[in-house]
Peer 1: 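Following this message is one structure expressed as structure tokens.
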Amino acid sequence: MISLDQPLRPTLGTAAAKRLATELDLHTVGDLLRYYPRRYATRGELTELDALAEGEQVTVVAEVLSARKRDLRGKPGSRPRSLLEVVVTDGTGQLTLAFFNKVTYHARELRPGRRGMFAGKISLYRNNRQLAHPAYEMLPDGGDQQDRVREFAERPIPIYPATKELTSMAIARCVGLVLDQLDEIPDPLPEELRRRHHLRGLREALERIHRPVEESEIGPARHRLKWDEAFVLQLALAGRRREARELAATPRPRVAGALLDAFDTELPFTLTSGQAEVGRTIAASLESHHPMHQLLQGDVGSGKTVVALRAMLQVVDAGGQAVLLAPTEVLAQQHHRSITAMLGPLAAGGRIDGAEHATRVALLTGSQGARARREALLEAASGSAGIVIGTHALLQEHVGFADLGLVVVDEQHRFGVEQRDALREKATGGRPHVLVMTATPIPRTVAMTVYGDLDVVALTQLPEGRSPVATHVVPARDKPRFLSRAWERVREEVRQGRQVYVVCPRVGDDGAESADEGAVGVPAADEEPTRRPPLAVVEVAAELAQGPLAGLGVEALHGRLAPEEKDAIMRRFADGALDVLVATTVIEVGVDVPNATVMVVMDADRFGVSQLHQLRGRIGRGELPGLCLLVTDTTEDTPARERLDAVAATTDGFELSRVDLEQRREGDVLGGAQSGRRSSLRLLTLLRDEELIGKARDEAVALIESDPALTSHPELATALRELLDEERAAYLDKT
Ligand code: ADP
Ligand code: MG
């Protein structure tokens, strides 16, 4: 009898164990049993021999129709070779199997009339689809043929994600051997929880998912095993939240009659009711003796910055400092500019024109000049800067603060769990409050999972007076006239005093991308090998300035420019001195120029859905209606085009984030630890399992409250430890 943590070798033998280890990274009995079938073949599917495409790795069930041995003419003098050609059928289609070795043996097995399962890669030979030396297993014949057929029809055949060296059938055989010898195994899910949610026992679920007798057994088995994944993950998050709650932080209560009050009086607009309410929640959390860990969600343009700034001012009033981290240098610079402007005399601390209570706002970026940097570091360390704004590069560096009270992370969508951990580690000693802002709204399940260790608040409405943005797809290759129309439209807009963004996926010239440009989140499967390289900022800017946009003020902005240059260009665009800004995704997040009304995205199909939504958020920020043109060479009815159509069809960020999540691998969303082959999330999908994840979260919170160390649930404690180890390993892998 064997248990889950035992190695596979004693049960399966050296060869099979080694193969499972090298091919699939499976080492223990538990590893193998958590390697689930991807799907199940049923008889219904077996009639589809005709649909098999070349290059596909397939498993089919079919009956042998004929078997023919042929002698192959080799070179004179070489050993005579023969070939066995077997034709199999499922009643509709046919497939040829070709064997070059052990011909006699195979001929004995593959007698006409027998039925078997065949696995291999479909190739084309003289226009016939064939499987060359497939792995196979014959189904027993004889007995009552009717019964056979019925059992055959009913019993689902598990199909495992296979490799060339390790077929689905071989994996099923190994799993079967292991299941046959498996001892009683402890169930990590507490019995009461199982009863409450009608969950199968672990042993039974494993048996049913690997060796179902009927299709109806698979669903409940999967459901139970999904619970394992969701529950342990939620335990980890609940534990983390609880730990954070126990830490000490300096309370930063609101001080009347100081900076924040002065700022509120000067505010040129009234806060939306959402901003006011979220503001109250955050203000209260900042008064706590434990660190706030708050996630602020809000669609593009919902006005998160002012919410964050008000929180920072509360902390400054209470004697602390606040740091605002932005994902790009352009955004850090812009925040610095706009926050300084919004504060006016309130940001002129220590100067003659400074207001009472005034503080200072320092900017720290990775590539600024030595002198500016020294000054900013000094202001941070001495405490004379109440607010320090910088890029995430700050995390890696030894920036000292006099009294760090609040860390605000802007546009979090580029950052995963690991980065947040780094942030928290930086925070040791001071234990500041943390406010994370997402640029893109995220589905609730992602919030519960990826950000499950944060408390969530959301801004659900946009400030009043926003104009809608109309979005159109411009098929540049099919309808070149549409594109020339687009440039005419740009000229018209500029004539009316408006400004325009043109976005390209690449910088240009030597092709290297700067860190600021970020990864383009397009699934690789869409890439055709023959595609031309993506359009580049430098080239497009030059072409536009000489061609369709001649005579307008056109400039290029990208991450390879020096920081001062970037800042100067952005400044000129913001001041209206430039008409057209040709840029990479450096302008993706946060950039705020209300007079810009048109955005033309070149090669729009090279961007991910969320990215396009973010980009589009740069226009329609003032009272003027916006126009967004998605220029693409893709043809209709391709996934890439469908993605663009989805973006054109709605401006609802929540809707688009679902589209995005469906198109991307979930691993991208989850970050390293929860993705990958040895992932803790195998069955669970964030979009479809919302209800289950919600229940698991409630159960996890309750259990952690009553038994924080899981002393009465040793199995769970072990599972949790394994998950955390895996996470830590993934984090170390990355750094
Ligand atoms: P995001 O949530 O995308 O970061 P911002 O904070 O950049 O949005 O805000 C977008 C624009 O809306 C800014 O120009 C900001 O000054 C403005 N804004 C914020 N709140 C309000 C409000 N209550 N009324 C009017 N305009 C507002
Ligand atoms: Mg913003």
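Both ligands and their constituent atoms are indexed starting at 1 by order of listing.
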Peer 1: Under 3.5 Å between any N/O of Pro463 and any N/O of ligand 1: does that happen in this structure?
Peer 2: no
Peer 1: Please classify the Leu271 to ligand 1 contact at 4.0 Å (heavy-atom distances, strictly less than): side chain, backbone, both or neither.
Peer 2: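 Just the backbone.
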Peer 1: Yes or no: does Ser302 have any heavy atom under 4.0 Å from an atom of ligand 1?
Peer 2: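 For ligand 1, residue contact (heavy atoms, under 4.0 Å) with Ser302 is present.
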Peer 1: With a 4.0 Å heavy-atom cut-off (strictly under), which part of Glu464 contacts ligand 1: side chain, backbone, both or neither?
Peer 2: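 Near ligand 1, Glu464 shows nothing, with every heavy atom at 4.0 Å or more.
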Peer 1: Report, in ascending order of atom number, the atoms of ligand 1 lying under 4.0 Å from any heavy atom of Thr270.
Peer 2: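 Within the 4.0 Å cut-off of Thr270, ligand 1 contributes 22 (C), 23 (N), 24 (N).
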Peer 1: With heavy atoms only and a cut-off of under 4.0 Å, state how Leu459 meets ligand 1: side chain, backbone, both or neither.
Peer 2: neither
Peer 1: State, yes or no, whether a side-chain contact exists between Leu324 and Val407 at a heavy-atom distance under 4.5 Å.
Peer 2: no
Peer 1: If the cut-off is 4.0 Å to any non-hydrogen atom of Thr272, which atoms of ligand 1 fall inside it?
Peer 2: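 Listed by number with element, the hits are 23 (N).
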Peer 1: Between Thr597 and Glu493, is any side-chain donor less than 3.5 angstrom from a side-chain acceptor?
Peer 2: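 Their side chains do contain a donor-acceptor pair, which is all the 3.5 Å distance test asks for.
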Peer 1: Just by distance, with hydrogens left out, do Thr471 and Arg616 show a side-chain donor and acceptor under 3.5 Å apart?
Peer 2: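 The criterion, which ignores hydrogens and geometry beyond distance, is satisfied for Arg616 and Thr471.
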Peer 1: Is a donor from one side chain sitting under 3.5 angstrom from an acceptor on the other, for Gln321 and Asp403?
Peer 2: no
Peer 1: Pull out every atom of ligand 1 sitting under 4.0 Å from any heavy atom of Thr305, numbered as shown with elements.
Peer 2: 4 (O), 5 (P), 6 (O), 7 (O)
Peer 1: Using a strict cut-off of less than 4.0 Å between a Lys/Arg side-chain nitrogen and an Asp/Glu carboxylate oxygen, indicate whether Glu287 and Arg254 qualify as a salt bridge.
Peer 2: no
Peer 1: State, without any angle test, whether His335 and Asp410 hold a side-chain donor-acceptor pair at a distance under 3.5 Å.
Peer 2: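 Note: His335 and Asp410 side chains meet the donor-acceptor criterion.
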